[in-house]
There are 2 protein chains.
Amino acid sequence: MMHNNRWVKKVTLPPPSLGDNTADADRLAAALKKSLGIRTVHMDLALLKQLPARLREWNFRATAVWFKDDGGNGILAHLAAPDTADTLCGLAVDLGTTRVVLRIIDLSTGAHLGESVFDNPQITVGPDVLARIHHVEKPDGLNRLNRLIVDGINDALKVLCDGCGISRANIHLMSVAGNTAMTHLLIGLNPRWMIREPYIPAVNRPGVITAAELGIHVHPTARALIFPNVGSYFGGDLIAGILYCDMDQRDETAILVDVGTNAEVVLGNRKWMMACAGAAGPALEGGVTRMGTMAGPGVIDRIAIDPDSMAVDIHTIDNQPPRGICGSGVIDLAAALFRSGMIDIRGKLLPDRCGDRFKLKDGLGHLTLVTADQSATGQDLGVTQADLDSLVRSKAAMYTILETITGSVGMQQQNLETFFVAGTFGAYIDPASAITIGMIPDLPLARYHSLGNSSLGGATRVLENPECFDRVNQIRDGITYLELNVNQDFMNRFSAAKFLPHTDTSRFPSVRWPDGR
Amino acid sequence: MMHNNRWVKKVTLPPPSLGDNTADADRLAAALKKSLGIRTVHMDLALLKQLPARLREWNFRATAVWFKDDGGNGILAHLAAPDTADTLCGLAVDLGTTRVVLRIIDLSTGAHLGESVFDNPQITVGPDVLARIHHVEKPDGLNRLNRLIVDGINDALKVLCDGCGISRANIHLMSVAGNTAMTHLLIGLNPRWMIREPYIPAVNRPGVITAAELGIHVHPTARALIFPNVGSYFGGDLIAGILYCDMDQRDETAILVDVGTNAEVVLGNRKWMMACAGAAGPALEGGVTRMGTMAGPGVIDRIAIDPDSMAVDIHTIDNQPPRGICGSGVIDLAAALFRSGMIDIRGKLLPDRCGDRFKLKDGLGHLTLVTADQSATGQDLGVTQADLDSLVRSKAAMYTILETITGSVGMQQQNLETFFVAGTFGAYIDPASAITIGMIPDLPLARYHSLGNSSLGGATRVLENPECFDRVNQIRDGITYLELNVNQDFMNRFSAAKFLPHTDTSRFPSVRWPDGR
């Protein structure tokens, strides 16, 4: 199998003669098959109709934009002049529940030409996956959700293309990585059975679809790879993440954790991969990171507390006056409170240590971090005991999931050489804080790697390199999905993890104890 | 590889469970792959969107109409209830230059539900392939030709479906066999380069196209196999003919001759096939059967002459008053004239033997068969010396082509065990007459087999049996096309064949000579 490292290929055909009267399409297909090492080449009628005139105009030379389908068959997505001045582009899409990111790639060079981020317009229907899936039960609900995201992409794409100085018709290939529900809504598939036992998506491998069928306004013969999913709770964004961090090609066993509303975890190497997703079970319904505000200017993302003076040092995004606290800030806060002895190992606020900052309102403890006169909202900013309890459950769920998945393959957590943290949230988490509260294992910090937007990264790689395309389904098919069985054993581990950092303190030797233990 | 002998398949899926959470589409695909022995299964978005609700409504049982693409990938063309009362149909099309034949097939049983014949509406643009190809140079010419045939099929299909008591939406599969030019015009491909050296079609293997793309009004997700061609002059109608007579599966070497304006010939068996097409070269430009009227009521199709009394016995189609003579009639006539000594071995009218029937007009000999008072036209009916000269050139071309193709594989014509004659024209030819004039070899008559409409027959078989689908491309790819090289050697053979039956009379031992030789 020959490999080509781009989706753009210059071809020169032997000109037809009386002794070689193969038809135009078959002549082009033969040349592409030979030079690309593929078995078949499909071309749309629209392209076929132009072919004879074009090949003669171009003296039997051309620039081909090719792609593949799910079965490995070649597709001719576009044919341009051999010396075309057009930029032949691809569009990578990170289809997030909250945010959508578009990236334009020059398919010839792999250069990134531009990027655009916008809120998923489906937020107007519901903030999270569950609310949107429920919305499909309403009249025209599915169609409305589908239109919202398709229109949203089309609108943002127009602005992005203008900014890059290209036309939308310059886009010939797309790749879309998103969770299973968002992917279904983009394609227009009903996700209702995903949230009903036994939790079945409409499709695991949507494969390659024409952009026209998706309703995306790019070149009429453009193709879109929709990343496959492993199930309702393990989506294409994760497959893209695995591709992006090359877990499927590594000799050493790595772990990839995507912390969103759920935690999705993959453990593996080039020989095997094991995956699971939580929040699992009724105790964990709040999800892993339910607490906190969405990141944005003025949101507290870093907190330190001097254990001696109890002085609180906060950092806000863009250094704006504080107006809330985001998930990474809450983890920092919990770690700081624990280190300074302001909460106990159950995460309970200790009024004696908290001093003036502590108040009891309606029987619920409140800790003030920023007083009303210094906050952007004109109100005290802080956390409640309920917030902290929620964090403790979340961190315990995260840790238990990690313990369960490593345990399922007979591996010790401390033997994890490479720990990838994916997602926007992951990019902000301070691993030291997360270790302090026992959310993640007590590994040397150098083993933690923040991947940033690995969903977009994986989607991009598919457009940069045909070999990465082939890996997408290999990754999907290579994953063993571990159904989290919330049995007594799991609940015992969960209970042990509900302490800071853990009932078994020997697992967290690096954590400095407030009371000097 | 498992085989299934129909395109309709009942499937029962294992219902999803917590322990088997494969998505709906992938579950269905897995079941189809397993039971059909195919590698991949594509389904259109329109179908995918309905899938989850349908599968649950039907309790994970269904009736699938499947097909394949050119690369052997499976396609789900339709999904119906497990106990559907709908008749699941296919449409076979013989796309002739002159006539188009439609046939509806019940895909479940293979039963033929109805048939419809209509004149190719492109005749209004031009009577033959060449005129139509020239028409594409005119503004909107290609589009007009394309609309004519697409509308023609749609109109005839509506009437046919009404007659069969089915809806056009009951049609899920199509197969279309036609010559290369007609196929191009149906798809909307420009055939202009087919008639310009080096005579290159736009495509050899159009493969499987959606009926919607063709503009044919059947079920929206229906698929159409367009029979492949070997070149501009050897089309899908011949591939269908080979399939229909099973040449590609026979141990003995057979020959298939389709006599239309051109003669197309295939010689072969299950191990190899050799094909060629003529009229070849400038001497043969008139084609093989240019002479004669199209068959129809009142047209003379059989002629006998009593060698003693010179009485002419004619037969007309439907026994109507004579109004012309068709190709098979001309061959019968020439044989009769030769047997009765009214023409010589060069095909020249012998005035002495023709008597009153012979007249010289403007220096050109005329032979009257039916006098004005007995003809439907009110004019004398007969042939001229020019008609006979044309016939002699045509029969010589036919014979030379047969001699050339058998010679190319080192075979003696008399060793041909099976001689298939295809096409409407072939159905009317009397082999004894054709042998008498030396148009075809002097084989025992039992070796001649008229296939009738083998193009329609082959198109039908593809819809009756998936194995036949697989054979279509195997046949195409297995054919060696012999480019008729009109060199001195060919012209020598042609000259020798311009005598009745041949200069080498030993080749025609069965022919009874007029002068008793």
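Per chain, numbering begins at 1; letters A, B, ... match sequence-line order. Here the structure is a predicted model, which is why all the values come from computation and not from measurement. What's counted below: heavy atoms across the whole structure, side chains too, no hydrogens, waters or symmetry copies.
- In summary, of the residues considered (A/His42, A/Lys68, A/Arg39), a side chain to side chain donor-acceptor pair (under 3.5 Å) with A/Asn73 occurs for A/Arg39 alone.
- Contact check for A/Phe490 versus A/Leu484: side-chain heavy atoms found under the 4.5 Å cut-off.
- Among A/Ala202, A/Gly72, A/Pro15, the residue with the largest count of heavy-atom pairs under 4.5 Å with chain B is A/Ala202.
- Ranked by heavy-atom pairs under 4.5 Å with chain B, the list A/Thr40, A/Asp26, A/Leu18, A/Thr180 is led by A/Asp26.
- For A/Asp20, the part lying near chain B is the backbone, with the side chain staying farther off; criterion is any non-hydrogen pair under 4.5 Å.
- In this structure, A/Val150 and A/Ile216 have side chains that are in contact, with non-hydrogen atoms separated by less than 4.5 Å.
- The shortest side-chain heavy-atom distance between B/Lys138 and B/Arg144 does not fall under the 4.5 Å cut-off.
- Looking at B/Leu48, both its backbone and its side chain come within 4.5 Å of chain A, counting heavy atoms on both sides.
- Side-chain contact between A/Leu32 and A/Trp66 is absent, with no heavy atoms from C-beta onward closer than 4.5 Å.
- Counting heavy atoms from C-beta outward, A/Asp44 and A/Leu76 have side chains that stay 4.5 Å or more apart.
- Contacts of A/Arg192 with chain B are absent, with no heavy-atom separation under 4.5 Å from either backbone or side chain.
- Ranking A/Gly231, A/Pro201, A/Ala25 against chain B, the residue ahead of the rest is A/Pro201, based on heavy-atom pairs under 4.5 Å.
- Proximity of A/Phe469 to A/Val208: side-chain heavy atoms (C-beta onward) are separated by under 4.5 Å at one or more points.
- Of all the listed residues (B/Ala23, B/Gly207, B/Ala29, B/Gly19), the one sharing the greatest number of non-hydrogen pairs under 4.5 Å with chain A is B/Ala23.
- Proximity to chain A involves both the backbone and the side chain of B/Thr22, based on heavy atoms less than 4.5 angstrom apart.
- In this structure, chain B has heavy atoms under 4.5 Å from both the backbone and the side chain of A/Leu45.
- For A/Asn21, the parts lying near chain B are the backbone and the side chain together; criterion is any non-hydrogen pair under 4.5 Å.
- Residue contact with chain A, scored on non-hydrogen atoms closer than 4.5 Å, involves the backbone and the side chain of B/Ile187 alike.
- Contact annotation for B/Ala53: both backbone and side-chain heavy atoms come within less than 4.5 Å of a heavy atom of chain A.
- Contact of the A/Arg56 side chain with the B/Ile200 side chain is registered, since non-hydrogen atoms from C-beta on lie closer than 4.5 Å.
- For the pair A/Asp24 and A/Arg54, the salt-bridge criterion is not met [side-chain N within less than 4.0 Å of a carboxylate O].
- Proximity to chain A (any heavy atom under 4.5 Å) is shown, for B/Asn204, by both the backbone and the side chain.
- Both the backbone and the side chain of A/Glu213 come within contact range of chain B, with heavy atoms under 4.5 Å apart.
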